[in-house]
Amino acid sequence: MASRNHSTITEFILLGLSADPKMQALLFVLFLGVYLLTMLGNLMMLLVIRTDSHLHTPMYFFLNHLSFVDLCFSSVTVPKMLENLLSQKKTISVKGCPAQIFFVLITGGTEICLLSVTAYDHYAAICHPLLYGQVMSKQRCVQLVCGSWALGFLNRLINVPLAMKMDFCDTYIIPHYSCELPSIFLLSCSDVSTNFLVMLCSTIPHALTTFLSIFFSYIHIIFTILSITSTTGRNKAFSTCSSHLTAVIFFYGSGFLRYFMPTSGSALELIFSVQYGLITPMLNPLIYSLKNKEVKAAVRRTLGKYLQCVQWQNKEKG
């Protein structure tokens, strides 16, 4: 087979989710709606948390950053996917592909760290309420968020430079709607064993550490909740944790299955990618708002203030 160096390739072809034009039009409408809901929901969370003083607590400080990461994570791949659903030529430039991988690794790595940090916040609030203010000080919260972003960047710095050194053969079709490390491994005609090993050695400790942090935090939380005699207090604690656990299951479950299953371009891989790349960023603000009384009350207060401002402006014009 003739080979071509990666420097001579100007673009990759993205097969996307379907080759049927009618299905592509349907998917465009569906995922455009998902993306708009993602933008609206996460921007609403950012606005409400920032403007409502009742939500200026460590937990909502982390949720604020989680919403920002979800906005970025979704925006890395979805606009290009929507463009390709309407295009005859479904391509991404050779520079755009590693750029996508770059930002997917940063935002995805940061998100799992933030989910771990939020679990630790729940642990401190429920298991050590008297020390909570000291444990989760403003300085500590900033350090935890900065550490989450730093780990996300570290994952990128290890994997992306190696990926850019790969050589590609005549087959440069990506069986996916976006560029991901496992997908481009299939295209290389050079030895990718080092790339694959580095990906595992960087991803597994990152994922395992954050997962174990969440797991052990919730082990302590469950035992503490079960020891609470007040039914109201127990229900409140469970309600606070259930939203976070739902987000963890959605993101970790689909992300782990995508990156640790054999890469073949199967429909199952695409489903897992759609789950953690499109659906989870849309669901997170819904999960945290619909299941959280404080957020719902803050949304009502924010809307009330907005309506009052509109009425006042109308009176001034009148």
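Model, not experiment: these values are computed from the prediction. Each residue takes its place number in the sequence, starting with 1.
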(request) Test side-chain contact (heavy atoms from CB on, under 4.5 Å) on S178 and H176 and set out the steps. (result) CA-CA 6 Å; S178 67; H176 207 276; 3.5 Å; yes

(message) Under a 3.5 Å cutoff, is there a donor and acceptor pairing between the side chains of T38 and D70?
(response) no

(request) Find the distance between CD (E11) and CD1 (I174) and round it off to the nearest 0.5 Å. (result) 11.0 Å

(message) When you compare the side chains of Y123 and H128, does any donor N or O come within less than 3.5 Å of an acceptor on the partner?
(response) yes

(message) Measuring centre to centre across the rings, with the benzene-like ring taken for any Trp, is H65 within less than 6.0 Å of F61?
(response) yes

(message) Looking only at side-chain N and O atoms, does Q100 offer a donor or acceptor that is under 3.5 Å from a partner on T77?
(response) no

(message) Checking N284 against L63 for the side-chain contact (heavy atoms from CB on, under 4.5 Å) test, could you report, in this order, the C-alpha distance in whole Å, the side-chain angles of both residues, the deciding distance, and whether it holds?
(response) CA-CA 10 Å; N284 278 346; L63 288 183; over 6 Å; no

(request) Output, in order, the C-alpha distance, side-chain angles, deciding distance and verdict of side-chain contact (heavy atoms from CB on, under 4.5 Å) for F73 and V104. (result) CA-CA 6 Å; F73 189 48; V104 164; 4.1 Å; yes

(message) Tell me whether H220 at atom NE2 has more than 12 heavy atoms from other residues, nucleotides or ligands lying less than 6.0 Å away.
(response) no

(message) Parallel, tilted or perpendicular: which one describes the rings of F68 and W149, with boundaries at 30° and 60°?
(response) tilted

(request) Mind checking the CG-CZ spacing from L157 to F153? Nearest 0.5 Å is all I need. (result) 8.0 Å

(request) Return the minimal non-hydrogen interatomic distance between I221 and A119, and the atom names on each side. (result) CD1-O, 4.2 Å

(request) Taking atom types as modelled, find out whether Y60 and D52 have a side-chain donor-acceptor pair closer than 3.5 angstrom. (result) no

(request) Identify whether V69 and L40 are in the same connected component of the hydrophobic contact network (ILVMFWY, side-chain heavy atoms under 4.5 Å). (result) no

(message) In this structure, would F211 and F62 fall into the same cluster of hydrophobic residues linked by side-chain contacts under 4.5 Å?
(response) yes

(request) State whether the side chain of S202 and the backbone N or O of M199 hold a donor-acceptor pair below 3.5 Å, judged by distance alone. (result) yes

(request) Would you mind telling me which of T110, V117, L115, T118 makes a side-chain contact (heavy atoms from CB on, under 4.5 Å) with L66? (result) L115

(message) Give me the atom names and distance for the closest heavy-atom approach of Y177 to L14.
(response) O-CD1, 3.7 Å

(request) List the steps and the verdict of side-chain contact (heavy atoms from CB on, under 4.5 Å) for H56 and N64. (result) CA-CA 10 Å; H56 291 175; N64 184 61; over 6 Å; no

(request) Without swapping roles, check the side chain of S74 against the backbone of P281 for a donor-acceptor pair under 3.5 Å. (result) no

(message) Under a 3.5 Å cutoff, is there a donor and acceptor pairing between the side chains of S116 and S213?
(response) yes

(message) Would you say K138 and Q143 are linked by a side-chain donor-acceptor pair, where the criterion is simply a distance under 3.5 Å?
(response) no

(message) When you group the ILVMFWY residues by side-chain heavy-atom contacts below 4.5 Å and let the links chain together, are L208 and I249 in the same group?
(response) no

(request) Working to the nearest 0.5 Å, report the span between SG of C241 and CD1 of I225. (result) 4.5 Å

(message) Distance check, rounded to the nearest 0.5 Å: S75 atom OG versus F103 atom CZ?
(response) 11.5 Å

(message) Please check: side-chain N/O of H206 versus main-chain N/O of G152, any donor-acceptor pairing under 3.5 Å?
(response) no

(message) Under 4.0 Å between a side-chain nitrogen and a carboxylate oxygen: does that hold for E83 and K90?
(response) no

(request) Supply the atom-to-atom distance L30 CG to L278 CG, rounded to the nearest 0.5 angstrom. (result) 9.0 Å

(request) Indicate if L212 and F223 have the same hydrophobic cluster label, given that clusters are the connected sets of ILVMFWY residues with side-chain heavy-atom separations under 4.5 angstrom. (result) yes

(message) If I take atom CG from residue L32 and atom CE from residue M81, how far apart are they, to the nearest 0.5 angstrom?
(response) 9.5 Å

(message) To check you understand the geometry: which heavy-atom pair defines the closest contact between A207 and T210, and what is its length?
(response) O-OG1, 2.9 Å

